[in-house]
**Q** 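Got a structure for you, questions after.
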Amino acid sequence: TPSNPKIEYCVSYWAKNITCYWDAEPEMHLQTTYTLHITEQAGHCRRDFGHTRKCVAIQGDHSCGIPVENLFAFYKIKLAAENQLIRASSSEECVHGMSIVKLSPPEITTIIANQSHCFQLEWQLPGDEILSATEAQYEIRYQDVAEMSWTQMNFSAIENGLAFANVCGASPFTNYSIRVRAKYLHDSPFASDWVPFWSDWSLERFVMTSPAVPSRGPALWRKLGPPGADGKREVVLMWKPLHRKEANGKILSYSLHSQRKGQLATPQCLTQALQCTLFLPAREGFTFFVTATNSAGTSPPTKLMVPPFGGPEGKTPSRSLHRGWKETCICEDQLLL
């Protein structure tokens with residue numbers, strides 16, 4: 001005996017329709033006509049309130065939608081299938097219109113980032129789909145536009161409050177793409193095997209978080225020349241640009257200090273370049289410190305010790321780069337002037 005058709009699920013769309021979906025049964029290999037029946041009810045499917053509305057699915061389609069005016073009502077739903085051999089109907093479903101609703105995508109109205117690790121956004125649902133923001137639950141997802149993965153969080157509006165969220169855990173000086181979606185929180189009297197659906201995601205909005213102090217100093221190395229007739233040698237200090245998530249902002253300058261043993265540090269270079277050349281007494285050892293500065297502040301210093309000529313590592317200046325310093329392209333997106 002052929003089995004009766006079965007409705008898989010139905011979705012109600014605000015001010016549009018109720019659309020139901022089903023799978024074709026294996027025995028429905030013949031050309032089959034599917035007809036969806038929906039009748040508005042008085043109370044919890046106690047009696048019919050209006051006339052039955054019908055929708056005949058296009059051949060090959062497994063869904064059909066019927067316009068309805070009131071989602072705050074129960075509906076009796078049934079699917080009929082007919083071909084040359086059989087005529088069968090599904091069991092009747094009693095479903096409240098809002099218990100299967102798919103809300104329209106929210107609209108992000110405001111988005112600001114006045115902190116380095118947080119941003120705030122407000123949104124609203126279009127039209128009059130819900131009376132209060134508390135009648136829905138929300139998901140917010142955001143993504144560093146330079147990366148692929150999304151971060152997702154759930155959110156519920158406070159009583160009588162706006163749909164507002166303060167999202168923290170972001171990276172400084174980062175451009176984020178943000179989207180929001182909503183799902184109606186149906187009440188227990190609507191109880192059924194079906195539940196509301198998440199809306200589509202809102203349109204993307206973008207925000208740039210504020211800068212923060214660089215998290216570390218630049219990687220520092222040196223190239224040493226041989227002593228000259230005046231007893232001095234060329235000392236070239238070089239450093240690499242910080243990675244984007246270390247710089248935490250637009251690097252405005254680098255500062256290099258040198259220090260003799262037992263003395264205070266002396267400023268040597270304040271530059272936007274990635275190196276500084278000095279001529280210093282070859283027989284003296286020096287300690288160098290380099291920092292990077294952006295609009296939020298200055299990084300911790302990176303320290304490098306250079307022994308005097310003739311001391312450890314000091315006898316072979318031509319091999320002073322044996323650890324493999326690799327010249328870095330000073331590109332516009334790395335050295336932000």
Side-chain angles (χ1 to χ4, degrees), residues 115-117 144 146 171-175 208-337:
Q115 299 180 55
S116 58
H117 293 282
D144 179 343
S171 298
F173 201 63
T174 301
N175 191 21
M208 173 74 80
T209 49
S210 300
V213 174
S215 59
R216 60 180 292 268
L220 180 60
W221 196 241
R222 84 288 189 276
K223 181 168 69 174
L224 304 177
D230 60 356
K232 294 185 177 182
R233 62 177 170 178
E234 182 183 59
V235 180
V236 181
L237 282 307
M238 300 169 289
W239 49 90
K240 293 185 177 181
L242 294 173
H243 295 299
R244 181 172 60 94
K245 291 198 173 182
E246 297 171 338
N248 292 335
K250 179 179 179 179
I251 297 300
L252 303 175
S253 64
Y254 299 96
S255 179
L256 177 74
H257 287 67
S258 66
Q259 185 179 35
R260 287 181 167 98
K261 186 176 181 180
Q263 297 185 18
L264 296 176
T266 302
Q268 295 286 3
C269 291
L270 181 62
T271 180
Q272 294 173 330
L274 294 176
Q275 68 177 48
C276 180
T277 301
L278 305 174
F279 291 89
L280 301 172
R283 298 295 178 179
E284 291 188 54
F286 288 86
T287 302
F288 296 95
F289 304 90
V290 67
T291 58
T293 299
N294 64 19
S295 61
T298 299
S299 72
T302 300
K303 178 181 176 181
L304 176 68
M305 298 181 68
V306 175
F309 180 78
E313 297 187 38
K315 295 182 180 179
T316 55
S318 62
R319 299 180 58 195
S320 59
L321 293 181
H322 69 279
R323 293 193 183 181
W325 172 271
K326 184 178 180 181
E327 291 292 341
T328 303
C329 170
I330 306 176
C331 304
E332 185 176 347
D333 62 339
Q334 295 174 313
L335 183 57
L336 302 172
L337 304 181

**Q** Got a sec, which pairs hit side-chain hydrogen bond (donor to acceptor under 3.5 Å, both in side chains) with one end in residues 294-307, sequence neighbours left out?
**A**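 Sorted pair list: Thr293-Thr298.
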**Q** Are any non-hydrogen side-chain atoms of Lys245 and Asp144 less than 4.5 angstrom apart?
**A**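 The answer is yes; the side chains approach within 4.5 Å.
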**Q** Which value, rounded to the nearest 0.5 Å, describes the distance between Glu234 atom CD and Lys223 atom NZ?
**A**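 These two atoms lie 7.0 Å from each other.
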**Q** For Arg216, enumerate each residue passing the side chain to side chain contact (heavy atoms under 4.5 Å, CB included) test, keeping only those at least two apart in sequence or located in another chain.
**A**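 With neighbours one apart ignored, the set is Ala219, Leu242, Glu246.
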**Q** Is any side-chain heavy atom of Cys276 closer than 4.5 Å to one of Trp239?
**A**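 A side-chain contact exists here, since the closest heavy-atom pair is under 4.5 Å.
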**Q** Ser253 pairs by side-chain contact (heavy atoms from CB on, under 4.5 Å) with which of Thr271, Thr291, Leu270?
**A**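 The residue from Thr271, Thr291, Leu270 that satisfies side-chain contact (heavy atoms from CB on, under 4.5 Å) with Ser253 turns out to be Leu270.
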**Q** Within a 6.0 Å radius of atom CE on Met305, are there more than 12 heavy atoms belonging to other residues, nucleotides or ligands?
**A**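 No - once you tally the heavy atoms of other residues, nucleotides and ligands closer than 6.0 Å, there are 12 at most.
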**Q** Do the side chains of Phe288 and Arg222 get nearer than 4.5 Å, heavy atoms only?
**A**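 The answer is no, as the side chains (C-beta and beyond) never meet within the 4.5 Å cut-off.
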**Q** Between Pro241 and Tyr254, which heavy-atom pair has the shortest distance, and what is it?
**A**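 Taking Pro241 first and Tyr254 second, the nearest heavy atoms are CA-OH, 4.0 Å.
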**Q** How long is the gap from CE on Met238 to CG on Leu220, to the nearest 0.5 Å?
**A**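 Those atoms lie 8.5 Å apart.
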**Q** So do the side chains of Asn248 and Pro211 get within less than 4.5 Å of each other, counting heavy atoms only?
**A**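 Side chain of Asn248 against side chain of Pro211, heavy atoms only: no contact under 4.5 Å found.
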**Q** Looking at every heavy atom in both Lys250 and Phe173, which two are closest together, and how far apart are they?
**A**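 That would be N-CE2, 3.7 Å.
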**Q** Could you go step by step and tell me if Gln268 and Val235 meet the side-chain contact (heavy atoms from CB on, under 4.5 Å) rule?
**A** CA-CA 12 Å; Gln268 295 286 3; Val235 180; over 6 Å; no
**Q** Side chains of Pro267 and His257: closer than 4.5 Å at any heavy-atom pair?
**A**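 SC-SC contact between Pro267 and His257 confirmed.
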**Q** With rounding to the nearest 0.5 Å, note down the distance linking CG in Leu264 to CD in Gln259.
**A**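 The distance works out to 7.0 Å.
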**Q** Contact between Leu278 and Leu256 at the side-chain level, heavy atoms closer than 4.5 Å - yes or no?
**A**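 Yes. Closest side-chain heavy atoms under 4.5 Å.
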**Q** For residues Leu237 and Val290, determine if any side-chain heavy atom of one lies less than 4.5 Å from a side-chain heavy atom of the other.
**A**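 Contact flag for Leu237/Val290 side chains = no.
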**Q** Indicate the atoms forming the closest heavy-atom contact of Arg260 with Phe286, along with that distance.
**A**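 So the minimum-distance heavy-atom pair works out to CG-CE2, 3.5 Å.
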**Q** What heavy-atom pair brings Ile251 and Ala292 nearest, and what distance separates the two atoms?
**A**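 Scanning both residues completely, I find the closest heavy atoms to be CD1-CB, 4.1 Å.
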**Q** Using side-chain heavy atoms (C-beta onward) and a distance below 4.5 Å, is His117 in contact with Pro172?
**A**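 A side-chain contact under 4.5 Å exists here.
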**Q** To the nearest 0.5 Å, how far apart are CG in Leu252 and CD in Gln272?
**A**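 It comes to 8.0 Å.
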